[in-house]
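Please read the structure below before turning to the comments.
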Amino acid sequence: MGRTITICSTCKISSIKQGIAMAVEYDTLLVKKGTYKEHNIIIDKPLTLLGDDYPIIDGEEKGEIITIVSDNVTVDGLFIINVGTSYTTDYAAIRVVKSENFLIQHVVLEKLFFGIYLEKSNNGKVYHNKIVGDAVDEYNSGNGIQLWYSHQVEVDRNIVQGTRDGIYLEFSDNVTINNNRSSDNIRYGLHFMFSNDDIYTNNTFENNGAGVAVMFSKNIRMQNNTFRKNWGTASFGMLLKEINDAEIIGNTFEENTIGINIEGSNRINYMGNDFINNGWAVKVRGACYTNTFKNNNFLYNSFDISYNSKVNDNVFEQNYWSSYTGYDLDKNGIGDVPYRPVKLFSYIVNRTPETIVLLRSLFMDIIDFSEKVSPVFTPDNLMDPNPLMQKVK
């Protein structure tokens with residue numbers, strides 16, 4: 001491998017740009033502690049840019065800070081601040097353009113517009129970075145980690161907060177997003193558009209404008225994530241729009257206005273999820289077919305399922321419902337009476353939101369009871385025929 005070139009204020013080479021110009025392929029640039037006021041740093045050959053004790057690169061709000069246009073580049077251990085803000089150009093702290101085999105790790109980014117922006121770049125890793133924005137409005141803020149036409153990328157163990165969308169994917173396939181924490185972002189913690197065959201697991205999405213939006217994509221696997229405290233009039237843990245052939249397994253949806261909001265999404269397997277203390281656990285807004293809800297826990301939600309159609313071919317089977325009041329005479333762990341999760345009151349609230357003030361009133365109990373006895377407004381086949389008597393472990 002190459003040699004190591006040391007950069008520091010008193011060294012022969014005192015700027016990163018100078019170091020890159022001097023380096024040959026596969027050299028390591030070791031940047032010593034200090035502040036380097038540089039922007040528009042272009043890495044155009046295979047190099048490792050390595051910080052010693054987190055040197056600060058200060059872009060002085062003049063534009064993009066680091067742009068990678070070569071394969072086999074590693075950026076490791078830097079503290080990057082003051083990206084330029086623009087209404088015409090998406091300036092990023094680190095941008096990777098048409099490159100392969102990149103690694104961006106142990107980097108701290110603050111005072112940013114876009115954080116890490118991958119553009120038509122494949123087979124790379126964004127690992128263990130901390131991205132802290134101070135976004136106030138959508139129109140003048142960027143995303144924390146953005147992938148655009150980038151495939152086979154691993155996004156792992158990053159902390160993203162205070163940006164527009166924490167992590168954003170567009171036209172990016174075979175991406176894995178694991179063990180990240182995305183919180184306090186203005187819009188979404190994670191946002192997918194037109195991206196297929198992606199997996200996200202063990203992430204936490206907390207206190208975002210809304211948790212996660214997955215749109216116009218297929219074959220997405222979402223497992224063991226936590227969606228928490230995404231509150232507000234239009235907030236949800238997860239929004240699914242035009243999603244097909246997906247798996248949503250072992251996730252926790254806790255204290256969201258809506259746990260999952262579903263539109264035009266088909267053949268999705270919802271299994272082993274916990275819906276706890278949400279306003280609505282699951283809100284189905286039409287054109288959703290052949291989905292299966294099995295072995296989920298619905299615990300203390302104001303409404304378990306909300307439905308705006310008379311037609312139902314989705315399957316609800318062997319879920320635990322905290323508001324189930326049936327009995328189990330043969331002691332086989334399955335309730336002897338089917339459970340109807342759609343309450344007439346949730347149908348009324350969908351039509352006339354102001355009626356929510358009647359929640360937990362005697363009036364509500366009476367109309368829900370009458371609908372349970374003879375369904376008129378809710379699909380008569382929408383029921384869990386085998387509700388569980390014990391929570392799913």
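In this model, no donor atom of one side chain and acceptor atom of the other lie less than 3.5 Å apart for N196 and N219. Counting only N and O atoms by type, the side chains of N269 and E247 include no donor and acceptor under 3.5 Å apart. A donor and an acceptor atom, one from each side chain of N314 and Y270, are nowhere located under 3.5 Å apart. Inspection of the W321 and D304 side chains reveals no N or O donor paired with an N or O acceptor under 3.5 Å. For the residue pair N319 and N296, a side-chain donor N or O sits within less than 3.5 Å of a side-chain acceptor on the partner. Donor-acceptor pairing under 3.5 Å is lacking for the side chains of N101 and N123. Between D76 and Q105, the side chains place a donor N or O and an acceptor N or O closer than 3.5 Å (distance only, hydrogens not considered).
For the pairing with L190, the side chain to side chain contact (heavy atoms under 4.5 Å, CB included) check across N208, L169, V160 returns one residue only, L169. Of the options I56, L78, D58, I7, a side chain to side chain contact (heavy atoms under 4.5 Å, CB included) to Y36 is made by I7 and by none of the others.
The CD atom of E170 lies 11.0 Å from the CZ atom of F216; values are rounded to the nearest 0.5 Å. The CG atom of N202 sits 8.0 Å away from the CD atom of Q223 when rounded to the nearest 0.5 Å. In this structure, the separation between OG1 on T163 and CG on D134 is 10.5 Å, given to the nearest 0.5 Å. The distance from atom CZ of R95 to atom CD of Q146, rounded to the nearest 0.5 Å, is 8.5 Å. To the nearest 0.5 Å, the span separating CD on E38 from CD1 on I20 amounts to 8.0 Å. We find the CG-CD1 distance between N291 and I268 to be 5.0 Å, quoted to the nearest 0.5 Å.
Of the possible polar contacts, none joining the D165 side chain to the R187 backbone as a donor-acceptor pair under 3.5 Å is found. With Y54 contributing its side chain and H106 its backbone, the two residues share a donor-acceptor pair below 3.5 Å. N297 places a side-chain N or O within 3.5 Å of a backbone atom of V392 that can act as its donor or acceptor partner. At distances below 3.5 Å, not a single donor-acceptor pair connects side-chain atoms of N277 with backbone N or O atoms of N301. With hydrogens and angles disregarded, a donor-acceptor distance shorter than 3.5 Å links the side chain of N295 to the backbone of Q318.
The environment of NZ in K45 is crowded: more than 12 heavy-atom neighbours from other residues, nucleotides or ligands sit within 6.0 Å. Dense packing is recorded around NZ of K33, with more than 12 heavy atoms of other residues, nucleotides or ligands lying under 6.0 Å away. For K130, the NZ atom is loosely surrounded, since the number of other residues' heavy atoms within 6.0 Å does not exceed 12. Within a 6.0 Å sphere centred on NZ of K218, other residues, nucleotides and ligands contribute 12 heavy atoms or fewer.
L30 and I68 are members of different hydrophobic clusters when ILVMFWY side chains are connected at heavy-atom separations under 4.5 Å. Under the 4.5 Å side-chain contact rule for hydrophobic residues, I159 and I186 do not share a cluster.
In terms of heavy atoms, N180 sits closest to R157 at OD1-N, 3.3 Å. Here the closest heavy-atom approach between residue R164 and residue N185 is recorded as O-CB, 3.7 Å. A pairwise comparison of heavy atoms in A93 and I65 identifies O-CB, 3.5 Å as the closest pair. The minimum heavy-atom distance linking N251 with I248 is given by the pair ND2-CG2, 3.4 Å. Of all heavy-atom pairs spanning G84 and F113, the tightest one is O-CB, 3.4 Å.
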Practice task
Go through the steps to decide whether E254 and T226 satisfy the test side chain to side chain contact (heavy atoms under 4.5 Å, CB included), and finish with yes or no.
Solution key: CA-CA 8 Å; E254 186 172 11; T226 300; 5.6 Å; no

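Side-chain contact between I66 and L49: present, with at least one pair of heavy atoms (C-beta onward) separated by less than 4.5 Å. You'll find the side chain of K331 stays beyond 4.5 Å of the side chain of M389, heavy atoms only. I57 places a side-chain heavy atom less than 4.5 Å from the side chain of I41.
Ring pair F227/Y200 is perpendicular by interplanar angle, where above 60° counts as perpendicular and below 30° as parallel. Below 30°, between 30° and 60°, or above 60°: for F253 and F275 the angle between ring planes is below 30°, a parallel geometry. Taking the six-membered ring for Trp and thresholds of 30 and 60 degrees, F293 and F316 have nearly parallel ring planes, at less than 30 degrees apart. Taking the six-membered ring for Trp and thresholds of 30 and 60 degrees, F114 and Y117 have ring planes inclined between 30 and 60 degrees apart.
K229 and E255 are joined by a salt bridge, as a carboxylate oxygen and a charged side-chain nitrogen come within less than 4.0 angstrom of each other.
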